[in-house]
Amino acid sequence: MREPDPSTPVTPSRDPELGFPPPGEVLHRLRTHKGMSLRQVAAECGLSVSFLAALERGETDIALERLGRLAKVFDHDVGSFLGFSRGRATPSLFPREEQDVLDRAPGVVYRVLRSPELGYQVVTGDFAPHSGLAEDLQHEGSDLIMVTRGTLVARYNGVDHVLRAGDCAQWTAGHPHSFRNDTDEPAQLVGVLFSSLY
């Protein structure tokens with residue numbers, strides 16, 4: 001009989017009315033996002049690899065003190081680890097120099113900030129004068145866009161919309177959309193993507 005793959009969590013049979021996600025599922029999601037192995041997590045929290053593997057497979061439960069040690073590896077407290085509070089016990093800081101930078105087109109630079117535990121991404125787009133995306137974007141989810149500087153033309157599903165600093169737009173991201181700066185001044189947008197595009 002083959003042993004279960006420790007990298008694949010098994011959904012445990014549990015009472016759905018307990019009101020919190022299985023800790024093993026949370027562990028698997030967070031460590032996968034951070035690119036950590038079970039061995040790395042075990043080294044940081046002082047729990048055994050075999051125990052953490054069994055937890056991910058839903059074969060064992062975890063005591064509160066151990067859960068606190070495990071949550072700390074991911075900068076959470078027990079409440080935020082299990083989703084009872086809106087965020088971590090400490091603020092999440094995203095220094096500009098540590099954000100992913102994407103050159104979308106000549107004169108267009110995107111910076112991407114990922115917040116997987118909250119389920120969205122934040123993108124800033126800097127547009128030099130007379131620059132624009134070379135091709136349309138189209139993806140799952142929805143977008144909320146705010147122009148924070150200058151003026152941009154948001155082309156959505158074949159229709160142009162002029163957005164000035166302070167203007168917002170929200171749309172279903174499954175339709176083709178793009179941005180361009182037709183002016184002689186730099187422009188910038190901030191977008192909240194309620195899906196994982198980057």
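Heads up: numbering here begins at 1 and tracks the sequence. What you see is a predicted model, and the numbers here were worked out from it, not measured in a lab.
- Taking the ring centre of Phe127 as origin, the terminal cationic atom of Arg149 falls outside the region bounded by 6.0 Å and 45° from the ring axis.
- In terms of heavy atoms, Leu47 sits closest to Arg69 at CD2-NH2, 3.5 Å.
- A distance of 11.5 Å separates CG of Leu67 from NE2 of His76, quoted to the nearest 0.5 Å.
- The aromatic ring centroids of His161 and Tyr156 lie 6.0 Å or more from each other.
- At least one side-chain heavy atom of Val109 sits less than 4.5 Å from a side-chain heavy atom of Asp103.
- For the pair Val123 and Leu193, the minimum side-chain heavy-atom distance is below 4.5 Å.
- Minimum interatomic distance between Val108 and Ser131 (heavy atoms only, all atoms of both residues): CG2-OG, 3.7 Å.
- Using a 4.5 Å cut-off between side-chain heavy atoms of Ile, Leu, Val, Met, Phe, Trp and Tyr, with links allowed through other members, Phe51 and Leu64 fall into the same hydrophobic cluster.
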| task | Would you please test Asp160 and Arg180 for side chain to side chain contact (heavy atoms under 4.5 Å, CB included) and show each step? | result | CA-CA 10 Å; Asp160 286 349; Arg180 70 178 190 271; 2.9 Å; yes
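- Between His177 and Asp143, the side chains place a donor N or O and an acceptor N or O closer than 3.5 Å (distance only, hydrogens not considered).
- To the nearest 0.5 Å, atom OG1 of residue Thr124 and atom CE of residue Met146 are 14.0 Å apart.
- Rounding to the nearest 0.5 Å places CZ of Arg155 at 7.0 Å from OG of Ser178.
- Residue Asp167 holds its CG atom at 10.5 Å from CG of Leu152, rounded to the nearest 0.5 Å.
- For the pair Pro176/Asn157, a side-chain contact is recorded, criterion being any heavy-atom separation below 4.5 Å from C-beta on.
- Going from atom CD of Gln188 over to atom CG of Asn181 covers 11.5 Å, rounded to the nearest 0.5 Å.
- Looking at heavy atoms from C-beta onward, Leu137 lies in side-chain contact with Arg104 at the 4.5 angstrom threshold.
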| Derivation and outcome, side chain to side chain contact (heavy atoms under 4.5 Å, CB included), residues Leu189 and Thr148 | CA-CA 5 Å; Leu189 65 77; Thr148 55; 5.8 Å; no
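- The two residues Pro21 and Val26 come nearest to each other via the heavy atoms CG-CG2, 3.7 Å.
- Note on Met36 and Leu30: same hydrophobic cluster, where clusters join Ile, Leu, Val, Met, Phe, Trp and Tyr whose side-chain heavy atoms are under 4.5 Å apart, directly or indirectly.
- Put simply, the side chain of Gln40 gets close to the backbone of Ser37: a donor and an acceptor are under 3.5 Å apart.
- The minimum heavy-atom distance linking Pro23 with Leu82 is given by the pair CG-CD2, 4.2 Å.
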| Please walk me through it: do Lys72 and Phe81 pass side chain to side chain contact (heavy atoms under 4.5 Å, CB included)? | CA-CA 9 Å; Lys72 190 175 179 182; Phe81 184 85; over 6 Å; no
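- Applying the 6.0 Å contact sphere to CD of Glu185 captures no more than 12 heavy atoms from other residues, nucleotides or ligands.
- Using a 4.5 Å heavy-atom cutoff, the side chains of Leu55 and Leu70 are in contact.
- The 12-atom threshold is exceeded at CD of Glu97, counting heavy atoms of other residues, nucleotides or ligands nearer than 6.0 Å.
- By the criterion of side-chain heavy atoms lying less than 4.5 angstrom apart, applied directly or through intervening Ile, Leu, Val, Met, Phe, Trp or Tyr residues, Val49 is grouped together with Val73 in one hydrophobic cluster.
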| query | side chain to side chain contact (heavy atoms under 4.5 Å, CB included) between Leu144 and Trp171: does it pass, once the steps are laid out? | reply | CA-CA 7 Å; Leu144 177 65; Trp171 54 56; over 6 Å; no
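- Using a 4.5 Å heavy-atom cutoff, the side chains of Tyr110 and Leu133 are in contact.
- Within the 4.5 Å cutoff, side-chain heavy atoms of Val112 are placed close to those of Leu102.
- Minimum heavy-atom separation, His130 to Asp182: CE1-O, 3.1 Å.
- The closest side-chain heavy-atom distance from Lys34 to Phe74 is below 4.5 Å.
- Here the closest non-hydrogen pair linking Asp126 and Arg96 is OD2-NH2, 4.1 Å.
- In this structure, CZ in Phe194 is found 8.0 Å from CD in Gln170, a value given to the nearest 0.5 Å.
- Judged by distance alone, with hydrogens and angles left aside, the side-chain atoms of Thr32 form a donor-acceptor pair with the main-chain N or O of His28 at under 3.5 Å.
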